[in-house]
Amino acid sequence: MKEYQLNNSRTIPAIGLGTWQSRGNSVYNAVLSALKIGYRHIDCAPVYKNQKLVGLAIHDALQKYGINRRELFISSKLWNNAHAPRHVRPAVERSLRELQLDYLDLFLIHWPVRFRQDIEFPRKSEHYLPPDEERLLDTWKAMEKMVKKGLCRSIGVCNFRLSRLNNLLSHCKIPPAVNQIELHPYLRQQDMLEFAAKHHVLLTAYSPLGSPGRPDKIRKGNAPELLDHPVIIKISKEIKASPAQVVLAWGLARQCAVIPKSVNPSRLKENLGAMNISLSRQQIDAITSLDCNNRFLDGSFFCQKFSSYSLDYLW
Ligand code: A2P
């Protein structure tokens, strides 16, 4: 499995399995099959509401397939209602319990957005805590303690825009190993890519296939589905690979980790196969030129009229 070195010298497998929107038996079977066929990186979050089943599948796979825990790279995330420093350790411990692990390979701040502790999804203004960059740095200090305690091997962030990542880098003791962001040919994130490379922060691409399974309410724009785009189809015919493999190989060629979600055994295999595909410079450039700044998961669900957060604050 292709791996990248993180800024703390640990490694992360370049292809991981995303688990957002995977439910019930299908997430259990997907994680079990993925580990059987060679995935070693599973991306999780408590808010996906499936960590217990992911944990069960990891537990069963370790026993059934003779995989060693050390070979695995399991990430989870801090939900928006647990940013207060005193809530960080209980949040890590909850994920550890659900996943049946005694350490996480990576723990990420899920969003730079804060809710009251008793609120999972805000429905009125007082459910939010106001945006506050200083408090975010306090959350980070609590994340750093989790590394010192041995509960997390690496820590990082998700959905941090460039200026916020820069601010964190200038105030932290342990630099974030990863920024996990939406990244695909329709949202190529060029500035972030260059900044992250310069500062040794690995980018993990979520929705790397252009999120074909996203909920209808976040469908927008007139661009065709990424996997149906004529440029992607043309390249996939040229190199006899599937459209998904072309798009994932593009992500890998730009030195990003990719975490495509699938609960379908043949697609799991297909997506892992992207590791063996190389694209020419011309093909990479043709795919990169598809960018239309199309952000599907723009966090507008945190920017209701009554919210103190806005798209301008996020991006
Ligand atoms: P499924 O789970 O039924 O395979 P993303 O990671 O960009 O959000 O994409 C996930 C979506 O893409 C899911 O709906 C998933 O459906 C689908 N998907 C995953 N792998 C492939 C593939 N190789 N070809 C087409 N669609 C895929």
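As the structure lists them, so they are numbered: ligands from 1, and atoms in each ligand from 1. One is the number of the first residue; the rest follow in order along the sequence.
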Donor + acceptor pair across side chains of Glu270, Ser242 (<3.5 Å): yes
Are a donor atom and an acceptor atom from the side chains of Tyr28 and Asp60 found within less than 3.5 Å of each other? yes
Taken in chain and number order and not counting sequence neighbours, the residues that satisfy salt bridge (charged side-chain N to carboxylate O under 4.0 Å, His left out) with Arg164 are Glu133
For the residue pair Leu187 and Glu182, what are the closest heavy atoms and their distance? CD2-O, 3.4 Å
Using a threshold of 4.0 angstrom between heavy atoms of the protein and any atom of ligand 1, which residues qualify? Ser207, Pro208, Leu209, Gly210, Ser211, Pro212, Gly213, Leu227, Ala244, Pro260, Lys261, Ser262, Val263, Asn264, Arg267, Glu270, Asn271
Applying salt bridge (charged side-chain N to carboxylate O under 4.0 Å, His left out), can you list everything that pairs with Lys269, at least two apart in sequence or on another chain? none
Give every residue pair that meets the side chain to side chain donor-acceptor pair (under 3.5 Å) criterion with at least one member in residues 146-159, sequence neighbours excluded. Asn8-Ser154, Asn159-Tyr206
